Amino acid sequence: MGYSVGQVAAFAGVTVRTLHHYDKAGLLSPGERSPAGYRFYSDADLARLQQILFYRELDFPLDEIAVILRDPQADALHHLRERQRRLREEIARLERLAEVAEQAIEVQRTGVALTPEERFEVFGEISFDLSYATEAQLKWRDSAAYREAMARARAHTKEDWRQLMNEAAAWRAELLAAFDADQPADGGLAMDLAERHRRHLTRWFTPCPPDTHRRIADDLAADPRAFALLVPPSQQRPGLAAYVSKAIHANASRRDGSRTDSEEHP
């Protein structure tokens with residue numbers, strides 16, 4: 001006498017519903033019947049179930065398991081190696097996600113300690129994009145300048161942030177006026193605005209020599225999330241990000257060789 005579906009479910013650690021599903025899929029059907037017509041699993045069925053559960057543990061789809069078990073000549077080793085490759089890819093993907101999650105937690109911990117009401121009052125339309133901040137954390141976490149900027153940001157008081165954002169708003173108004181007046185990006189006015197931006201970063205976050213400012217300029221031009229931290233979407237104009245980037249590059253070239261950049265905190 002074989003084993004009932006309930007017995008098999010109990011000692012195999014699966015549900016009766018799962019066994020019925022395997023039966024309907026043609027993957028595992030009870031091979032014995034009692035005189036009364038009840039279906040029972042044989043020892044051979046149990047051995048087959050053990051194989052199925054092994055492949056399921058490796059996340060093989062049922063149709064692929066069926067191919068392996070149906071064809072005695074099937075190259076199980078090939079299937080296992082392919083599954084191993086996919087699992088390693090999935091492990092790598094999950095490790096990347098875990099790292100991103102870890103950095104997102106760090107970003108949240110190092111963020112500005114303000115209530116939602118205070119954040120809106122201080123930052124207005126300037127939005128905090130967690131995905132961008134997390135990518136920055138991943139990209140620059142080994143940079144001493146980035147760590148200094150985050151440490152100084154954490155130390156800022158609400159009044160510090162209010163003053164910082166007021167300065168940024170005044171600068172932004174002058175930038176928009178220059179852009180709307182068709183002032184050239186490599187002209188004196190635009191380069192002076194770029195220099196004020198560089199000094200603003202130095203004063204509030206971390207020393208920003210010309211090469212660092214160039215990298216920031218490239219990020220502003222390439223990533224709308226970065227530019228939205230400088231100019232909120234409601235105030236943006238077509239071509240403005242490229243204009244700012246060009247002005248920063250022009251100012252950096254103007255500064256190159258003019259003097260040693262000691263990066264005083266003005």
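Quick note: residue numbers are just sequence positions, from 1. This one's a predicted model, so the numbers in the text were calculated from it and none came from an experiment.
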Closest contact, heavy atoms only, G6 versus V16: CA-CG2, 4.3 Å

Contact summary for D23 and R39, nearest pair of heavy atoms: OD2-NH1, 2.9 Å

I'd like to know if the side chain of [X] pairs up with that of [Y] as donor and acceptor (distance under 3.5 Å, no hydrogens or angles considered).
X: R199; Y: T202; result: no
X: S253; Y: D256; result: no
X: W204; Y: Q163; result: no
X: H249; Y: H213; result: no

Would you call [X] and [Y] a salt bridge, using N to O less than 4.0 angstrom?
X: E82; Y: R86; result: yes
X: D192; Y: R254; result: yes
X: R203; Y: E167; result: yes
X: R215; Y: D218; result: no

Ring-ring centroid check F11 Y3, cutoff 6.0 Å: yes

Check: W171 ring centre within less than 6.0 Å of H200 ring centre: no

Check: [Y] and [X] side chains under 4.5 Å, non-hydrogen atoms:
X: Y243; Y: R237; result: no
X: H197; Y: I248; result: yes
X: L201; Y: T206; result: no

Between [X] and [Y] (side chain of the first, backbone of the second, donor and acceptor by atom type, cut-off under 3.5 Å), is there such a pair?
X: Q7; Y: S4; result: yes
X: E32; Y: G2; result: yes
X: R198; Y: C208; result: yes
X: S245; Y: A221; result: no
X: R85; Y: E89; result: no
X: D45; Y: G31; result: yes
X: H156; Y: R162; result: no

Approximate separation, where rounding is to 0.5 Å, of Y41 OH and R48 CZ: 11.5 Å

CA sep, side-chain torsions, deciding dist, call: Y22, L53, side chain to side chain contact (heavy atoms under 4.5 Å, CB included): CA-CA 11 Å; Y22 291 167; L53 295 179; 4.2 Å; yes

Full working for side chain to side chain contact (heavy atoms under 4.5 Å, CB included) between L175 and V231: CA-CA 10 Å; L175 169 70; V231 180; 4.3 Å; yes

